[in-house]
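Comments concern the structure below.
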Amino acid sequence: MVTSFRKKVYDVVKKIPKGKILTYKEVAEKVGRPKACRAVGSILNKSVGWRKGIPCHRVVRSDGNIGGYNKGEKTKVYLLEKEGVIIQKRKVVR
DNA sequence: AATGAGGCCCTAA
DNA sequence: ATTAGGGCCTCAT
């Protein structure tokens, strides 16, 4: 399999249904690197999947905290709420 | 509850 | 080939 880590991440994130979210750890596990949670974030930020159609705003931290976003946390929260995700006190309701 | 420190993994230049 | 950075995670104090 020539699938790069990055590609897997894209695929997983792309497959996140609307109104749903995943944590970096979940994604990392799905791609086969439970400890690459950091890499996932890095990829989503640098590779900026959103430019390729990757809703990186649907990925949050394992604590339910929002984490970060290229455009800022607020934008992320806003987008999430728009998609149907409920945010409570800076955290996501799973 | 908040902070510090360490650990693991990737991408880009 | 190497360096530096990063949207993290978890434990301990």
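Everything numeric in this text was worked out from a predicted model, so none of it was measured. Chain naming here is simple, since letters A, B, ... match the order of the sequence lines and numbering starts at 1 in each.
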If you apply the rule side chain to side chain contact (heavy atoms under 4.5 Å, CB included), what do you find for A/Thr3 with A/Val31, and how did you get there? CA-CA 10 Å; A/Thr3 32; A/Val31 296; over 6 Å; no
Rounded to whole Å, NZ of A/Lys89 lies from P of B/dA1 at a distance of 13 Å
The residue, A/Val40 or A/Cys37, whose nearest nucleotide of DNA chain C is more 5′ is A/Val40
Whole-Å distance, A/Lys91 NZ to B/dA1 C1', equals 11 Å
Around atom OH of A/Tyr78, are there more than 12 heavy atoms from other residues, nucleotides or ligands closer than 6.0 Å? no
Interatomic distance, CG@A/Leu44 vs CZ@A/Arg6, rounded to 0.5 Å, equals 11.0 Å
When rounded to whole Å, the OH to C1' distance for the pair A/Tyr69 and C/dG6 reads 17 Å
Contact class for A/Ala39 (heavy atom, under 4.0 Å): base, sugar-phosphate, or nothing? base
In whole angstrom, what separates A/Glu29's CD from B/dC9's C1'? 14 Å
Using a cut-off of strictly less than 4.0 Å, decide whether A/Lys8 has a side-chain nitrogen or oxygen near OP1 or OP2 of B/dC10. no
Could you write out DNA chain B as dot-bracket? Rules: Watson-Crick or G-U wobble, both distances under 3.5 Å, brackets [ ] for crossings, | for pairs with another strand, dot for unpaired. .||||||.|||||
Closest to the side chain of A/Lys35, out of B/dC8, C/dT10, B/dA12, is B/dC8
Please determine, for the side chain of A/Ile43, which listed nucleotide (C/dC9, C/dG6, B/dT11) has the closest atom? B/dT11
Hey, what do you get for CD1 (A/Ile43) to SG (A/Cys56), rounding to the nearest 0.5 Å? 12.0 Å
Check the distance between B/dT11's C1' and A/Tyr24's OH and give it to me in whole angstrom. 15 Å
Sugar-phosphate, base or nothing in reach of A/Val59, heavy atoms under 4.0 Å: base
Given B/dC10, C/dC9, C/dG5, which nucleotide is nearest the side-chain atoms of A/Lys46? C/dG5
Would one find a side-chain N or O of A/Arg6 under 4.0 angstrom from OP1 or OP2 of B/dC10? no
Starting from C1' on B/dC10, measure out to NZ on A/Lys7 and report it in whole angstrom. 17 Å
Using the salt bridge (Lys or Arg N to Asp or Glu O under 4.0 Å) definition, which of the options A/Arg58, A/Lys18, A/Lys20 pairs with A/Glu83? A/Arg58
Measuring from A/Asn70:CG to A/His57:NE2, what's the distance to the nearest 0.5 Å? 12.0 Å
Atom CD of A/Glu26 and atom P of B/dC9 are separated, to the nearest Å, by 18 Å
In whole angstroms, the gap separating C1' of C/dC11 from NZ of A/Lys25 amounts to 13 Å
In terms of hydrophobic clusters joined by side-chain contacts under 4.5 Å, are A/Ile54 and A/Tyr24 together? yes
